[in-house]
Amino acid sequence: MTRPLLEFDHVEVSFDGTPVVHDVSLPVMEGEVVCIVGESGSGKSTLVRAAMGQLGRHGCVTRGDIWYGGESLPDLPARRMRQLCGTDLALVFQDCLASLAPIRRIGDQVFEGMNAHRKVSRKECDRLALEMFERLGLDDPERVLASYPFELSGGMGQRVGIAIALLGEPRVLFADEPTSALDVIAQAQVVRLLARVNRELGTTIVLVTHNMAVVEAIADHVLVLRGGTVEEFGPAQQVLQTPAAAYTRELIAATPRLAAGCV
Ligand SMILES: Nc1ncnc2c1ncn2[C@@H]1O[C@H](COP(=O)(O)OP(=O)(O)OP(=O)(O)O)[C@@H](O)[C@H]1O
Ligand SMILES: [Mg+2]
């Protein structure tokens, strides 16, 4: 049997010594889309941040491991993690605007991000960024490129974050609620683009969402978290059609529909 590209192996994550994620195991196969769902505070962001080494000073993986192609991500030296970030692993933060440098224009930040991994001229970088912004449904791409983060709405910032991550063409994309600040049309555009990137580039996607309609549209597997523990994990169709946990049934019942025909 092929090994997962990425594997959370009995992971416990703690902040200041207090565990918030308990014994979570999650295999992610190359080229698939795995969705992580669950109520607010269930540990979704913590899991993806743990994989990216982005837990901050107070958080760490206290048990288990997170494997990526034979390397233990929590044990990696910072230098190796920096090498992987952007090209192998990329994260779209839940709050994209806050993750951008506040006093630098978007275009400069996109250019800096791209140049960290491949040599590209400013002109070519702007062209690729404008094309990506358009695909993500941003209305005035030139203005966005020339803007400072504070001049963008939350939904615009979310799409800029997605664009920056996708322009690095990472092997694994972690996206933490990338559609939560978007209207239904923009949500559908983003989900459609992620599905296309997955299909055409083979990008493995780990997507955090509250929205079971997004799961239905895009996921191969789904992990349901509650209170930092695994409530349920399985193929998306199985979990959606015959959920084993009462909590999953509640989540499905509470979900609004995605704009029709989105993928
Ligand atoms: N930096 C931190 N310091 C201390 N506790 C934290 C920190 N970040 C997260 N936590 C705690 O970890 C738990 C899981 O939080 P997390 O942000 O992973 O939830 P989530 O599932 O992403 O929620 P949401 O859907 O609201 O984004 C919560 O109890 C939260 O208070
Ligand atoms: Mg979160």
Side-chain angles (χ1 to χ4, degrees), residues 33 48 52 54 85-209 211 213-214 217-218 258-263:
V33 179
V48 299
M52 295 292 298
Q54 297 273 354
C85 280
T87 49
D88 279 70
L89 312 171
L91 170 62
V92 179
F93 285 92
Q94 187 164 3
D95 185 354
C96 289
L97 281 176
S99 70
L100 293 168
I103 51 155
R104 305 204 37 234
R105 291 182 197 274
I106 299 300
D108 296 337
Q109 300 196 47
V110 173
F111 185 56
E112 190 178 275
M114 261 188 135
N115 258 289
H117 309 295
R118 54 176 157 146
K119 285 286 158 259
V120 50
S121 70
R122 179 62 191 249
K123 207 170 151 197
E124 176 66 356
C125 175
D126 286 357
R127 190 188 66 75
L128 291 169
L130 290 172
E131 192 181 286
M132 187 64 83
F133 287 174
E134 247 166 62
R135 289 171 74 181
L136 285 160
L138 280 163
D139 272 344
D140 191 351
E142 269 99 5
R143 180 172 80 80
V144 173
L145 209 59
S147 296
Y148 292 99
F150 68 84
E151 294 174 310
L152 303 179
S153 72
M156 291 162 102
Q158 225 169 20
R159 280 172 285 180
V160 166
I162 295 167
I164 291 174
L166 288 179
L167 285 167
E169 296 185 359
R171 199 161 165 210
V172 181
L173 176 75
F174 294 95
D176 194 352
E177 300 196 31
T179 61
S180 61
L182 304 177
D183 62 74
V184 284
I185 306 283
Q187 266 186 28
Q189 273 171 325
V190 168
V191 172
R192 198 185 301 126
L193 180 64
L194 291 178
R196 208 165 135 197
V197 164
N198 168 253
R199 221 170 28 236
E200 291 176 6
L201 302 180
T203 309
T204 304
I205 299 179
V206 178
L207 182 68
V208 173
T209 179
N211 191 332
V214 171
I218 196 173
L258 203 63
C262 82
V263 182

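These numbers come from a predicted model, not from an experiment.
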Would you mind listing every side chain to side chain donor-acceptor pair (under 3.5 Å) that reaches into residues 149-163, with sequence neighbours excluded? Gln158-Ser180

Flag the pair [X] / [Y] as yes when at least one side-chain heavy-atom distance between them is below 4.5 Å, and no otherwise.
| X | Y | answer |
| --- | --- | --- |
| Arg196 | Arg192 | no |
| Asp108 | Glu112 | no |
| Val160 | Phe133 | yes |
| Leu201 | Leu166 | no |

Passes side chain to side chain contact (heavy atoms under 4.5 Å, CB included), Leu182 versus Gln189? Steps please. CA-CA 10 Å; Leu182 304 177; Gln189 273 171 325; over 6 Å; no

For [Y], does its backbone N or O pair with a side-chain atom of [X] as donor and acceptor, under 3.5 Å?
| X | Y | value |
| --- | --- | --- |
| Asp88 | Val172 | no |
| Glu134 | Pro141 | no |
| Asp176 | Val92 | no |

With sequence neighbours left out, the residues meeting salt bridge (charged side-chain N to carboxylate O under 4.0 Å, His left out) with Glu142 are none

Between [X] and [Y], which heavy-atom pair has the shortest distance, and what is it?
| X | Y | answer |
| --- | --- | --- |
| Pro170 | Ala165 | CD-O, 3.2 Å |
| Phe150 | Pro102 | CD2-O, 4.2 Å |
| Pro149 | Leu97 | O-CD2, 3.5 Å |
| Val208 | Pro178 | O-CD, 3.7 Å |
| Ile218 | Val33 | O-CB, 3.4 Å |
| Met156 | Val144 | CE-CG2, 3.9 Å |

Just how far is it from atom [atom1] of [X] to atom [atom2] of [Y], taken to the nearest 0.5 Å?
| X | Y | atom1 | atom2 | answer |
| --- | --- | --- | --- | --- |
| Leu100 | Ile106 | CG | CD1 | 5.0 Å |
| Glu124 | Phe111 | CD | CZ | 11.0 Å |
| Leu207 | Leu194 | CG | CG | 6.5 Å |
| Thr87 | Arg171 | OG1 | CZ | 10.5 Å |
| Asn211 | Gln187 | CG | CD | 6.0 Å |
| Ile162 | Met132 | CD1 | CE | 10.0 Å |

Residues which pass side-chain contact (heavy atoms from CB on, under 4.5 Å) with Cys85, listed by chain and number, not counting sequence neighbours: Met52, Met81

